[in-house]
Amino acid sequence: MTGRSVLAVGAHPDDIELGCGGALAKHVAAGDQVAMLVVTRGEVGPGDTAQRVHEQHRAVQVLGVDTLIWGEGFADCRVSLQEFELVHLIEDAIEKVSATVVYTHAANDSHQDHRVVSRCTMGAARWVSTIMAYGGPSAVGFNPTVFIDISDALDKKVQALMCHVSQAEASEKVSASWVRSTAEHYG
């Protein structure tokens, strides 16, 4: 996992940390260049937009991520109305960071924004050599075929996730215990 340029794509602040925060921490520790693209500012979820943005910046610092890219003009829970623009946003981010590895939501997810971000990332990253899908609390029937041992990065993942205080206070799934038990479940 060395010498790579990594881009993680998520629909909302906290999605990436929940889904692949441990893997990103491992990439950072290995010296890889790591970027995150967060499509919306999560304005429909708990917490106000300014708080969600602040929480995301704190989580990026905890993980040691090099670059945070925000989607502009994409509304939370309405991303599916802008698929064409989203593909181009993701393509531009891939080009900007010269990504050789891309992480995104699993396709089978109960949240409409997660599904469309997954689908658009798969299209935008069609020339990237490695595309990895991550699960989260709203993933349905997530059956991974590739596993990354994050035992040495689990604490960093939890610490980054806990930066999203507005979400942790509102959901039992945005919790250290959920993250730890999920990591244990997947080995």
Side-chain angles (χ1 to χ4, degrees), residues 1-42 52-74 79 85-107 113-114 116-136 139 144-164 167 174 179 182-183 186:
M1 285 180 38
T2 60
R4 296 179 177 186
S5 178
V6 178
L7 175 67
V9 183
H12 314 101
D14 86 345
D15 288 343
I16 295 170
E17 291 85 344
L18 271 169
C20 64
L24 296 185
K26 287 187 70 82
H27 280 290
V28 168
D32 295 339
Q33 295 297 306
V34 179
M36 293 169 60
L37 167 58
V38 181
V39 176
T40 76
R41 285 165 174 74
R52 300 287 307 270
V53 168
H54 176 72
E55 292 168 349
Q56 186 63 67
H57 282 283
R58 286 187 55 224
V60 163
Q61 289 175 339
V62 166
L63 289 174
V65 168
D66 301 297
T67 305
L68 174 61
I69 303 167
W70 289 98
E72 296 294 332
F74 293 91
V79 176
E85 294 85 357
L86 182 56
V87 169
H88 288 290
L89 171 70
I90 299 166
E91 286 175 337
D92 290 346
I94 290 168
E95 184 177 337
K96 177 180 180 178
V97 302
S98 302
T100 57
V101 178
V102 174
Y103 290 88
T104 191
H105 293 279
D113 286 351
H114 298 180
V116 74
V117 166
S118 173
R119 184 171 53 251
C120 289
T121 301
M122 293 299 178
R126 63 195 171 279
W127 305 114
V128 176
S129 60
T130 304
I131 305 170
M132 305 284 276
Y134 57 79
T145 57
V146 174
F147 299 86
I148 298 172
D149 179 0
I150 63 164
S151 55
D152 58 346
L154 185 56
D155 289 340
K156 182 76 72 171
K157 175 178 179 156
V158 170
Q159 184 183 0
L161 181 61
M162 292 301 100
C163 291
H164 295 278
Q167 306 313 292
V174 183
V179 168
T182 301
Y186 287 114

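All values below were derived from every heavy atom in this structure, side-chain atoms included, with hydrogens, water molecules and symmetry-related copies excluded.
The minimum heavy-atom distance linking V87 with A124 is given by the pair O-CB, 3.6 Å. Taking all atoms of both residues into account, the shortest heavy-atom contact from G21 to L63 is O-CD2, 3.6 Å. Closest approach of V9 and Y134 over heavy atoms only: O-OH, 2.6 Å. Between M36 and V65, the shortest heavy-atom contact is SD-CG2, 3.7 Å. Here the closest heavy-atom approach between residue A25 and residue K156 is recorded as CB-CG, 3.7 Å.
S5 places no side-chain N or O within 3.5 Å of a backbone atom of T100 that could act as its donor or acceptor partner. Although no hydrogens or angles enter the test, the distance criterion places no donor-acceptor pair under 3.5 Å between the side chain of D66 and the main chain of A35. Side chain of D149 to backbone of S151: a donor-acceptor contact under 3.5 angstrom is found. Counting only distance, with no hydrogens or angles, the side chain of H27 and the backbone of V6 share no donor-acceptor pair below 3.5 Å.
The side chain to side chain donor-acceptor pair (under 3.5 Å) test applied to H88 returns E91, not counting sequence neighbours.
Residues V102 and T121 form a side-chain contact, since some pair of their non-hydrogen atoms from C-beta on lies under 4.5 Å apart. With a 4.5 Å cut-off on side-chain heavy atoms, L89 and E72 do not count as touching.
Each of H114, Q167, Q56 was scored for a side-chain hydrogen bond (donor to acceptor under 3.5 Å, both in side chains) with H12, with one residue passing: H114. Screening V62, V179, I16 for a side-chain contact (heavy atoms from CB on, under 4.5 Å) with L161, the sole residue that qualifies is V179.
For the pair R41 and E55, the salt-bridge criterion is not met [side-chain N within less than 4.0 Å of a carboxylate O].
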